[in-house]
Amino acid sequence: MATRTDTRGILSEENTQKREEIIEMLKRAYWMEIETVMSYITNSVNPDGVRAQEIKESLAEDIQEELGHAQRFAERIKELYGVVPGSLEFEAEQSYLQPPDHQTDVVHVIRGVIEAETGAIDFYNQVIEATESVDPVTNDMMIEILHDEEGHRRLFEGFLREYEAEGLA
Ligand SMILES: [Fe+2]
Ligand SMILES: [Fe+2]
């Protein structure tokens with residue numbers, strides 16, 4: 001670090017505090033993705049029934065995408081001179097994505113996914129605001145990932161609409 005001569009930008013000495021704030025936000029985003037991977041694995045396997053099939057397949061596909069998000073956040077933490085946290089720092093939050101009492105309760109899973117995606121969308125919007133103008137690289141990455149999450153939520157909102165239309169949700 002002693003050889004760094006940046007005078008502007010997020011890697012400059014003068015932006016140390018801002019950089020640390022962004023690293024903390026990226027750690028939170030990283031854990032959100034990791035937990036989403038766990039929740040999507042369980043919910044791509046547990047649900048039973050003909051109607052569950054589409055949901056399971058869709059979640060199975062999302063797992064790789066959410067894992068990719070976690071990896072991108074980890075890389076960015078390092079680029080900003082942070083350290084990617086170890087597993088002991090993990091704290092679970094997704095109470096709404098725990099297995100339902102009945103594994104045919106697909107609506108529970110759909111609502112849980114919508115809630116997880118909404119949490120990500122809210123938080124990533126905050127990161128976008130916090131990085132606006134001061135860290136264009138993180139800002140750009142977050143915008144791209146936000147786009148993915150908006151797509152995921154829209155897909156599951158569509159699934160929910162079908163159940164609502166049939167009086168099942
Ligand atoms: Fe994600
Ligand atoms: Fe997502």
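Each ligand, and each atom within it, is numbered from 1 in the order the structure gives. Note that the structure is a prediction, hence the values are computed from the model and not measured.
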Short check: any N/O/S atom of [X] below 2.8 Å from the Fe ion (ligand 1)?
{"X": "Glu149", "result": "yes"}
{"X": "Glu66", "result": "yes"}
{"X": "Glu33", "result": "yes"}

Residues His147 and Glu150: side-chain donor-acceptor under 3.5 angstrom: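 Glu150 and His147 do not have a side-chain donor-acceptor pair below 3.5 Å.
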No-hydrogen, no-angle side-chain donor-acceptor test under 3.5 Å, His69 and Glu66: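 Side chains of His69 and Glu66: pair found under 3.5 Å.
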Side chain proximity check, Arg72 to Arg76, heavy atoms < 4.5 angstrom: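 Arg72 does not reach Arg76 side chain to side chain.
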For the Fe ion (ligand 1): the N/O/S atom of His69 at shortest distance: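 Going by distance to the Fe ion (ligand 1), the closest N, O or S atom in His69 is ND1.
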Closest His152 atom to the Fe ion (ligand 2) [N, O or S only]: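 Closest N, O or S atom of His152 to the Fe ion (ligand 2): ND1.
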Pi-cation contact, Tyr163 with Arg51 (under 6.0 Å, within 45°):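 So Arg51 does make the cation-pi contact.
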Check: Phe90 ring centroid to Tyr30 ring centroid under 6.0 Å: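 Here the rings of Tyr30 and Phe90 have centres that are no less than 6.0 Å from each other.
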N, O or S from Glu117 under 2.8 Å to the Fe ion (ligand 2):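 Yes, within the cut-off.
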